[in-house]
Student: 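Have a look at this one.
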Amino acid sequence: MRFYLAPMEGITGYIYRNALYSCYNNIDKYFTPFIMPNRNRCFNSRELKDVLPENNRGMYTVPQILSNNAEDFVKTALELQSMGYEEVNLNLGCPSRTVVTKMRGAGFLGEQKLLEKFLDEIFDTLDLKLSVKTRIGMEDAEEFYELIEIYNKYPMEELIIHPRLQTDYYKNKPNLDVFADALSLSRNRVCYNGDIFTKKDYEAFTARFPQVETVMLGRGMLTDPDLAGHITKGTLPDKEKFREFHNILCTEYEKVMSGDRNVLFKMKELWFYMIHMFPDSAKYAKKIKKAQHLNEYRAAVDALFCDRELRMPGGNEG
Ligand SMILES: Cc1cc2nc3c(=O)[nH]c(=O)nc-3n(C[C@H](O)[C@H](O)[C@H](O)COP(=O)(O)O)c2cc1C
């Protein structure tokens, strides 16, 4: 099995990806959170920093672009190609209202004629690997059967499917019946994404879909950054490694962000996920959340690491 890191805006920027790579190094492709080009520019300064080659050394990084304008997409992809990237990814999954109302992300799935024209243009013009990350439709799973006909016209590097509808956001369950159809209908290689949080989830998925060779992990990795390792090797979580991962993140954010507040915001967002690695940790979570300065924050995190052992999400039984 090959494992990909899902793009997660605001979280899996280059600092996070580098920390994962240096501590665990078991991910085959690291997708960047989306870049949103416009008429005037390919990247804003944060987006540019995120894809600079010096910030992505050693990792196979795939920049993701969110756009419904073929010209903007092509311009940005060429810029990325000139930086040395071999592959870019198109976001057809973002469910957020502000994105969807502008007919981008999952919002583009509802405009199939325009989508096809867009894909025609980008596949005709570009000479680099293009992959697509898609949901199965806007409101109705039946939409997928028309979408797959469109996707089948293009030689994609791969088609990454998160089998939810735009209107699901992150609610309900991934639609595995539609995913099963996707596997038989797709001419492109398919990668699965959605709700693999534990080794058990992974085993249930592979029991049903033994033919799938690639899985993209998202929120599960925010909780357990070594999820891919635990899935494949069955090792138990390593507290010292996890602490090192945490410390690298915190130190690296401190280097590039001004003021405790911004660093704390980043770290607290992560603890929303990471806290699930520690059993019986409500009182520590509260302290971390309440910390106003980095020294208070560090004391709260130290106490948690001292007093609690890590557990495997979904159980330590492996
Ligand atoms: C905080 C957050 C930010 C996300 N940002 C992006 C993004 O920039 N691009 C994208 O394609 N998907 C984005 N996603 C969706 C994830 O890549 C992934 O498809 C989704 O979380 C389902 O996978 P999971 O169940 O393994 O988390 C985001 C998800 C979350 C929770």
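Read the numbers this way: they start at 1 and go in the same order the structure lists the ligands and their atoms.
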Student: Please enumerate all residues that pass side chain to side chain donor-acceptor pair (under 3.5 Å) together with Asn188, with sequence neighbours excluded.
Tutor: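 Per chain and number, Asn188 pairs via side chain to side chain donor-acceptor pair (under 3.5 Å) with no residue.
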Student: With side chains defined as the heavy atoms from C-beta onward, is the minimum distance between Val100 and Cys94 less than 4.5 Å?
Tutor: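 Val100 does not reach Cys94 side chain to side chain.
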Student: For atom 30 (C) of ligand 1, grab the closest protein heavy atom and report residue, atom and distance to one decimal in Å.
Tutor: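 I find the closest protein heavy atom is Met8 CG, 3.9 Å.
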Student: Identify the closest protein heavy atom to atom 26 (O) of ligand 1: which residue and atom is it, and at what distance?
Tutor: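 Sorting protein heavy atoms by distance from atom 26 (O) of ligand 1 puts Gly218 N, 2.9 Å first.
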Student: Is there a polar contact, in the sense of an N or O pair closer than 3.5 Å, between Arg164 and ligand 1?
Tutor: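 N/O-N/O distance under 3.5 Å: no.
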Student: Could you check whether any side-chain N or O of Ser186 sits under 3.5 Å from a backbone N or O of Ala182, counting only pairs where one atom can act as donor and the other as acceptor?
Tutor: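 Not at all, since once roles are kept as given, no pair shorter than 3.5 Å links the two residues.
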Student: With a 3.5 Å distance limit and no angle check, can you tell me whether Arg164 reaches the backbone of Asn175 through a side-chain donor-acceptor pair?
Tutor: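 Not confirmed, Arg164 side chain does not pair with Asn175 backbone.
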Student: What protein heavy atom is closest to atom 9 (N) of ligand 1, reported as residue, atom name and distance in Å?
Tutor: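 Nearest neighbour among protein heavy atoms for atom 9 (N) of ligand 1, to 0.1 Å: Gln64 OE1, 2.8 Å.
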Student: Can you confirm whether the side chains of Asp120 and Tyr154 place a donor and an acceptor under 3.5 Å from each other?
Tutor: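 Note: Asp120 and Tyr154 side chains meet the donor-acceptor criterion.
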Student: Considering the heavy atoms of Asp195, write down every atom of ligand 1 situated less than 4.0 Å from one of them.
Tutor: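 Near Asp195, the atoms of ligand 1 are 24 (P), 25 (O), 26 (O).
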Student: Between Thr125 and Ile122, is there a donor-acceptor pair closer than 3.5 Å when you use the side chain of the first and the backbone of the second?
Tutor: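 It does not hold such a pair.
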Student: Among side-chain atoms of Tyr14 and Glu252, is any donor-acceptor pair under 3.5 angstrom?
Tutor: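 No - no donor-acceptor pair under 3.5 Å links their side chains.
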Student: Looking at Lys133, which atoms of ligand 1 are within less than 4.0 Å of one of its heavy atoms?
Tutor: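 Checking each atom against Lys133, I get 10 (C), 11 (O), 12 (N), 15 (C), 16 (C), 17 (O), 18 (C), 19 (O).
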Student: For ligand 1, which atoms sit closer than 4.0 Å to a heavy atom of Asn91?
Tutor: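 Result: 9 (N), 10 (C), 11 (O).
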Student: Going by heavy-atom distance to atom 13 (C) of ligand 1, choose the closest among Gly105, Pro7, Pro33.
Tutor: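 Of the listed residues, Pro7 has the closest heavy atom.
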Student: With a 6.0 Å cut-off (strictly less than), is the heavy-atom count around CD of Glu269, excluding the residue itself, greater than 12?
Tutor: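 Yes, because the 6.0 Å sphere around CD of Glu269 holds more than 12 heavy atoms from other groups.
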Student: Kindly work out whether a path of hydrophobic side-chain contacts (I/L/V/M/F/W/Y, heavy atoms less than 4.5 Å apart) joins Tyr30 to Tyr4.
Tutor: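 Per the 4.5 Å side-chain linkage, Tyr30 and Tyr4 are not co-clustered.
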Student: With respect to Asn193, determine whether any N or O atom, backbone or side chain, lies less than 3.5 Å from an N or O atom of ligand 1.
Tutor: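 For ligand 1, there is an N or O atom that lies under 3.5 Å from one belonging to Asn193.
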Student: Check for me whether the distance between the ring centres of Tyr192 and Phe205 falls short of 6.0 Å.
Tutor: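 Centroid separation for Tyr192 and Phe205: below 6.0 Å.
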Student: Among all protein heavy atoms, pick the one closest to atom 28 (C) of ligand 1 and tell me residue, atom and distance.
Tutor: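 The answer is Tyr170 OH, 3.5 Å.
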Student: Give the atoms of ligand 1, by number and element, whose distance to some non-hydrogen atom of Arg219 is under 4.0 Å.
Tutor: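 Near Arg219, meaning under 4.0 Å from one of its heavy atoms, ligand 1 has 21 (O), 24 (P), 25 (O), 26 (O), 27 (O), 31 (C).
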Student: Report the relative orientation of the aromatic rings in Phe242 and Phe305; use parallel for angles under 30°, tilted for 30 to 60°, perpendicular for over 60°.
Tutor: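 Ring orientation of Phe242 relative to Phe305: tilted.
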Student: With atoms numbered from 1 as shown, which atoms in ligand 1 lie under 4.0 angstrom from a non-hydrogen atom of Gly194?
Tutor: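 Answer, ordered by atom number: 23 (O), 25 (O).
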Student: Return a yes/no value for Ile196: is any of its N or O atoms, backbone included, closer than 3.5 angstrom to an N or O of ligand 1?
Tutor: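 Between Ile196 and ligand 1, no N or O pair is found under 3.5 Å apart.
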Student: Any N or O on Phe34 sitting closer than 3.5 Å to an N or O of ligand 1?
Tutor: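 Yes - when backbone and side-chain N and O of Phe34 are compared with those of ligand 1, one distance drops under 3.5 Å.
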Student: To check your reading of the model: name the closest protein heavy atom to atom 3 (C) of ligand 1, its residue, and the distance in Å.
Tutor: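 For this ligand atom, the closest protein heavy atom is Glu9 N, 3.2 Å.
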Student: Side chain or backbone of His162 under 4.0 Å from ligand 1, or both, or neither, by non-hydrogen atoms?
Tutor: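 Near ligand 1, His162 shows its side chain, while the N, CA, C and O stay back.
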Student: Suppose I only count heavy atoms of Ala6 and a 4.0 Å limit; which atoms of ligand 1 are within that range?
Tutor: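 Here the atoms of ligand 1 in question are 17 (O).
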